[in-house]
Enquirer: 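After the structure tokens below, expect a handful of questions from me.
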Amino acid sequence: MTLKMPPHSSIFLVQLLAISCLSAQIEAQLKVGFYNQSCKSAERIVNEEVSKGFMTDKGVAPGLVRLHFHDCFVRGCDGSVLIDSTSSNTAEKDSPANNPSLRGFEIIDNAKTRLETECKGVVSCADILAFAARDSVAITGGPTYDVPGGRRDGRVSLASEVLRDIPAPSLNVDQLTQSFANKKLTQEEMVTLSGAHTIGRTHCTSINNRLYNFNRTNGGDPTLDSKYAGQLQQQCPQGSTDSSLVVPMNPNSPLVTDVGYYQDILANRGLFTSDQTLLTNNNTASEVNQNAGSQLLWMRKFAAAMVKMGQIDVVTGTTGEIRINCRVIN
Ligand code: HEM
Ligand SMILES: *[C@@H]1O[C@H](CO)[C@@H](O)[C@H](O)[C@H]1NC(C)=O
Ligand SMILES: *[C@@H]1O[C@H](CO)[C@@H](O)[C@H](O)[C@H]1NC(C)=O
Ligand SMILES: *[C@@H]1O[C@H](CO)[C@@H](O)[C@H](O)[C@H]1NC(C)=O
């Protein structure tokens with residue numbers, strides 16, 4: 001025997017490694033009430049900041065729901081969408097898919113400032129955003145649901161990754177299905193989550209393709225109700241250079257999380273190609289029909305799908321960091 005280590009030791013090491021990998025996997029699970037001990041006011045403080053922000057600007061609710069989606073689809077729900085660009089890096093938030101349309105960043109900052117005072121270095125920006133999106137759904141009349149916490153913040157944010165991962169409003173149903181499948185979400189979850197378009201607004205630039213790229217005397221995409229197309233053309237004049245022009249989604253109740261989105265689609269009043277296209281496939285069309293007729297069913301599915309979306313590629317355990325300022329990596 002020339003070896004000093006007993007022959008079993010390498011096997012033992014492999015076993016140890018396997019056990020620690022297993023426990024890392026268990027650790028990777030997010031938990032409801034993650035801050036119960038470490039920062040028990042965490043979720044309350046986020047909720048207060050969302051409510052306060054919503055009182056001055058109702059747009060923060062749709063803003064935060066979309067912000068969470070855009071965080072999760074690019075590099076997972078790691079708060080990377082919150083990071084500011086620097087002289088040496090163009091961050092996600094400055095991709096054309098995000099700037100100038102994303103909003104709600106100040107609410108995250110306000111919550112983070114209070115949480116750093118209350119429990120320094122404990123609550124991640126990614127969790128704050130997930131809680132804030134949940135509270136935004138609730139404050140607009142949508143379902144309430146528990147959000148598992150324990151996400152850690154990423155240290156990388158690249159504008160160049162955004163257009164690859166965030167679906168464009170021009171996509172058809174197969175492309176949307178693929179985009180969500182890339183994030184391990186099903187086609188039904190795609191239809192369910194698209195219901196978030198029952199609140200908020202869109203910039204005219206996201207619908208101009210449907211208003212002007214077609215040959216019809218009264219204008220517009222033939223799958224868009226022509227009366228509605230006419231109204232939208234008034235609000236979004238062709239060739240306007242005003243990039244701040246916006247129109248409401250679900251104009252009957254743009255501040256209420258209800259099934260108005262699905263009813264709009266059935267009336268050919270889906271705003272984006274990616275909304276109206278859901279009628280072109282039997283499965284998605286049948287889900288649109290079901291959701292339009294059952295608020296309870298959709299709300300249940302939406303809450304579950306939001307929780308699932310909130311777990312995409314999360315960073316947990318000891319990797320990543322708890323950012324001190326959500327806009328800047330530590
Ligand atoms: C299915 C693919 C999707 C596409 C193609 C899409 C596209 C868009 C576009 C183009 C806008 C307008 C942004 C603007 O110009 O201001 C928008 C707004 C919005 N999206 Fe989506 N989206 C999708 C899925 C989702 C999902 C999954 C959610 C959340 C669960 C979501 C939540 C929202 C909200 C709340 C707004 C309104 C934002 C505001 O008022 O500031 N979207 N979306
Ligand atoms: C935190 O407390 C809530 C409510 O008492 C409980 O449901 C949850 O399981 C707790 N979570 C943890 C991780 O302790
Ligand atoms: C409109 O129709 C004309 C003549 O048929 C054609 O040349 C043009 O490409 C069409 N434009 C669009 C946007 O389809
Ligand atoms: C979709 O439904 C229509 C009408 O029910 C049917 O004719 C068609 O074959 C279906 N298509 C697919 C791909 O299942």
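Excluded from the calculations below are hydrogen atoms, water molecules and symmetry mates; all remaining heavy atoms, backbone and side chain alike, are included. Both ligands and their constituent atoms are indexed starting at 1 by order of listing. Residue numbers start at 1 and run along the sequence shown.
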Enquirer: If the cut-off is 4.0 Å to any non-hydrogen atom of A168, which atoms of ligand 1 fall inside it?
Expert: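 So the answer, numbered in order with elements, is 5 (C).
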
Enquirer: Looking only at heavy atoms, is any part of S179 under 4.0 Å from ligand 1, and if so is it the side chain, the backbone, or both, or is it neither?
Expert: neither

Enquirer: When you look for heavy atoms under 4.0 Å from ligand 1, do you find them on the side chain of V246, its backbone, both, or neither?
Expert: neither

Enquirer: State which residue, out of H70, K93, E92, fulfils the side chain to side chain donor-acceptor pair (under 3.5 Å) condition with N98.
Expert: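 Result for side chain to side chain donor-acceptor pair (under 3.5 Å) with N98: H70.
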
Enquirer: Indicate whether the side chain of T277 and that of N172 have a donor and an acceptor atom separated by less than 3.5 Å.
Expert: no

Enquirer: Might you point out which heavy atoms bring V288 and Y262 nearest each other, and give the distance in Å?
Expert: O-CB, 3.7 Å

Enquirer: For ligand 2, find out whether one of its N or O atoms is nearer than 3.5 Å to an N or O atom of V32.
Expert: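 Between V32 and ligand 2, an N or O pair is found under 3.5 Å apart.
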
Enquirer: Is it true that the NZ or CZ of K52 lies under 6.0 Å from the centre of F54's six-membered ring and within 45 degrees of the ring axis?
Expert: no

Enquirer: Please indicate, with yes or no, if any protein heavy atom is found under 4.0 Å from atom 2 (O) of ligand 2?
Expert: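 Yes, because at least one protein heavy atom sits under 4.0 Å from atom 2 (O) of ligand 2.
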
Enquirer: Taking 4.0 angstrom as the limit and counting only heavy atoms of M249, give me the atoms of ligand 1 inside it, by number and element.
Expert: 17 (C), 18 (C), 19 (C), 36 (C), 37 (C)

Enquirer: May I ask whether L171 places a heavy atom under 4.0 Å from ligand 1?
Expert: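 Distance cut 4.0 Å: L171 fails for ligand 1.
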
Enquirer: State, with a plain yes or no, whether a side-chain heavy atom of N250 is found less than 4.5 Å away from one of I199.
Expert: no

Enquirer: Heavy atoms only, cut-off 4.0 Å: how does R103 contact ligand 1, side chain, backbone, both, or neither?
Expert: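 It is the side chain that touches ligand 1; the backbone stays farther off.
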
Enquirer: Number the atoms of ligand 1 from 1 as they appear, then name those within less than 4.0 Å of a heavy atom of S206, with their elements.
Expert: 10 (C), 15 (O)

Enquirer: Indicate, as side chain, backbone, both or neither, the part of P62 found under 4.0 angstrom from ligand 1 when only non-hydrogen atoms are considered.
Expert: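 Contact part for P62 vs ligand 1: both backbone and side chain.
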
Enquirer: Verify the contact flag for atom 5 (O) of ligand 2, where contact means a protein heavy atom under 4.0 Å away.
Expert: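 No, there is none.
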
Enquirer: Does any non-hydrogen side-chain atom of P254 lie less than 4.5 Å from one of M249?
Expert: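 SC-SC contact between M249 and P254 ruled out.
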
Enquirer: I need the nearest protein heavy-atom contact for atom 2 (C) of ligand 1: residue, atom name and distance, please.
Expert: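 It is P167 CG, 3.5 Å.
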
Enquirer: Could R114 and E118 be called an ion pair, given the rule that one side-chain N must be under 4.0 Å from one carboxylate O?
Expert: no

Enquirer: Are T140 and V65 close enough that some pair of their side-chain heavy atoms sits under 4.5 Å apart?
Expert: no

Enquirer: Report, in ascending order of atom number, the atoms of ligand 1 lying under 4.0 Å from any heavy atom of S274.
Expert: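 Those of ligand 1 that fall under 4.0 Å from S274 are 5 (C).
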
Enquirer: Of all the atoms in ligand 1, which lie at a distance below 4.0 Å from a heavy atom belonging to H203?
Expert: 14 (C), 15 (O), 16 (O)

Enquirer: Only protein N/O/S atoms count here: give how many lie under 2.8 Å from atom 21 (Fe) of ligand 1.
Expert: 1

Enquirer: Please check: side-chain N/O of S253 versus main-chain N/O of L255, any donor-acceptor pairing under 3.5 Å?
Expert: no

Enquirer: Could you tell me whether the side chains of K301 and N291 share a donor-acceptor contact shorter than 3.5 Å?
Expert: yes

Enquirer: Can a donor-acceptor pair be found between the side chains of N182 and Q178 at a distance below 3.5 Å?
Expert: yes

Enquirer: Does a donor on one side chain sit under 3.5 Å from an acceptor on the other, for T318 and R152?
Expert: no

Enquirer: Short list, please: which atoms of ligand 1 are under 4.0 Å from a heavy atom of M306?
Expert: 30 (C)

Enquirer: Give the numbers and elements of all ligand 1 atoms closer than 4.0 Å to a heavy atom of L176.
Expert: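 The atoms of ligand 1 under 4.0 Å from a heavy atom of L176 are 1 (C), 2 (C).
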
Enquirer: Can you name the one residue among H197, R269, Q276 that meets side chain to side chain contact (heavy atoms under 4.5 Å, CB included) with D264?
Expert: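 Testing each of H197, R269, Q276 against D264, the sole residue satisfying side chain to side chain contact (heavy atoms under 4.5 Å, CB included) is R269.
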
Enquirer: State, with a plain yes or no, whether a side-chain heavy atom of R134 is found less than 4.5 Å away from one of Y145.
Expert: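 SC-SC contact between R134 and Y145 confirmed.
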
